[in-house]
Amino acid sequence: MSDAVTAGATADAATTWHPPFATDVQLTLSRLRRGATDPTHQVAADGALWRTTLTVDGPASMRFTQHDPHTLTCEAWGAGAHTAVAAAAALMGEGDDPTGFVADHPRLHDAHRRYPGLRIPRTGQVLESLIPAILEQKVISVQATASWRSLVRAHGTPAPGPTPLGMLVAPSNRAWQLIPSWEWHRAGVDPQRSRTVMQALQVARQLQAAVTLSPQEATARLRTVPGIGVWTAAEVAQRAFGDADALSVGDYHLSNMIGHSLFGRDLTDAEMIEAMVKWQPHRYRVVRLLEVGGATMKPRRGPRLSFVDHRRH
């Protein structure tokens, strides 16, 4: 479908709102995208951001446009359009309050000044964030995003409405459960990760109910599923719960990215946790500011490894 939607296709539901904090649609939602070819997330040629989701009322395609930092519009199509639109403000960071955050480091101060529209989104959809996070365990990012793309293309459903070409809605919980073992293998997903997905799907209702809990209680509930550890729970909390403090402890690169960006040296996970206490409850906000502002990575020495195990569950 072309970008001619701007000339005509009437949405099933729509809303325009004026957030109290400056909001950048593309910057805020960028961390929800699983690779450049994610079939559930695209930026169209006209600058509109499209995203698909599976609500309790059915699938929905959402189109976000921005008139200025305080005027945002969401249009939606599909059986879940009204539900999706009702959740759009939260998705765009309506509940993200940066009050109390002090950017007391030159690099943070600069990023906070240059990217005032960065918000922490809250999707409210646990499995939507959890399954791709599980796929990212113990593999390089390009492999994880390829697995996600392959599985969504094979088992997802066409996106409703006038979406950009190739957009899909991720599989339902039941559709995930029906994927045979050989298809997981063909998509590059080992038995341990596919087993973790299946175990999570068995308690999907309880996990989804975690959105009503405190961030600490919600994270604890996620970790009752075998195979879901600190890193995976944090990755879900950042997206599904909008937790601005969720720190992805266990990520292969994170401690040294923070160490070299803010302290000029390597940090272990334990040292990173200690060093970032001063920024609670905004530690994930610090990470995002470093990511968008240009983080400093540990200098490479010697030959580059062809495989890096950077996702630990």
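Heads up: numbering here begins at 1 and tracks the sequence.
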Backbone of Leu27 reached by a side-chain donor or acceptor of Ser30 within 3.5 Å
yes
Can any side-chain N or O of Thr145 pair as donor or acceptor with the backbone N or O of Val142 at less than 3.5 Å? yes
* To do: Answer with yes or no whether the side chains of Thr55 and Asp57 bring together a donor and an acceptor at under 3.5 Å.
  => no
**Asked** Between the side chain of Thr71 and the main-chain N/O of Asp68, is any donor-acceptor distance below 3.5 Å?
**Response** no
Between Arg119 (side chain) and Ala22 (backbone), is there a donor-acceptor pair under 3.5 Å? yes
Quiz item: Thinking salt bridges, do Arg107 and Asp110 make one under a 4.0 Å N-O criterion?
Solution: no
Side-chain H-bond candidate by donor/acceptor type, Thr16 with Thr73, under 3.5 Å
yes
Item to check | His260 and Asp266: side chain donor to acceptor below 3.5 Å | outcome: yes
Exercise. Please indicate whether His185 has more than 12 foreign heavy atoms, meaning atoms of other residues, nucleotides or ligands, lying under 6.0 Å from its NE2.
Key: no
- Message: Quick test of your reading of the model: are Arg34 and Glu136 salt-bridged, counting only N-O distances below 4.0 Å?
- Response: yes
Rounding to 0.5 Å, atoms CZ (Arg33) and CD (Gln26) come to a distance of 9.0 Å
Check: If you measure only the distance, is there a donor-acceptor pair under 3.5 Å linking the side chains of Ser255 and Glu271?
Finding: no
Q: Check the side chains of Thr196 and Gln137 for a donor-acceptor pair under 3.5 angstrom, ignoring hydrogens and angles.
A: no
| task | Please work out whether the ring planes of Phe64 and Trp17 are parallel, tilted or perpendicular, with thresholds of 30° and 60°. | result | perpendicular
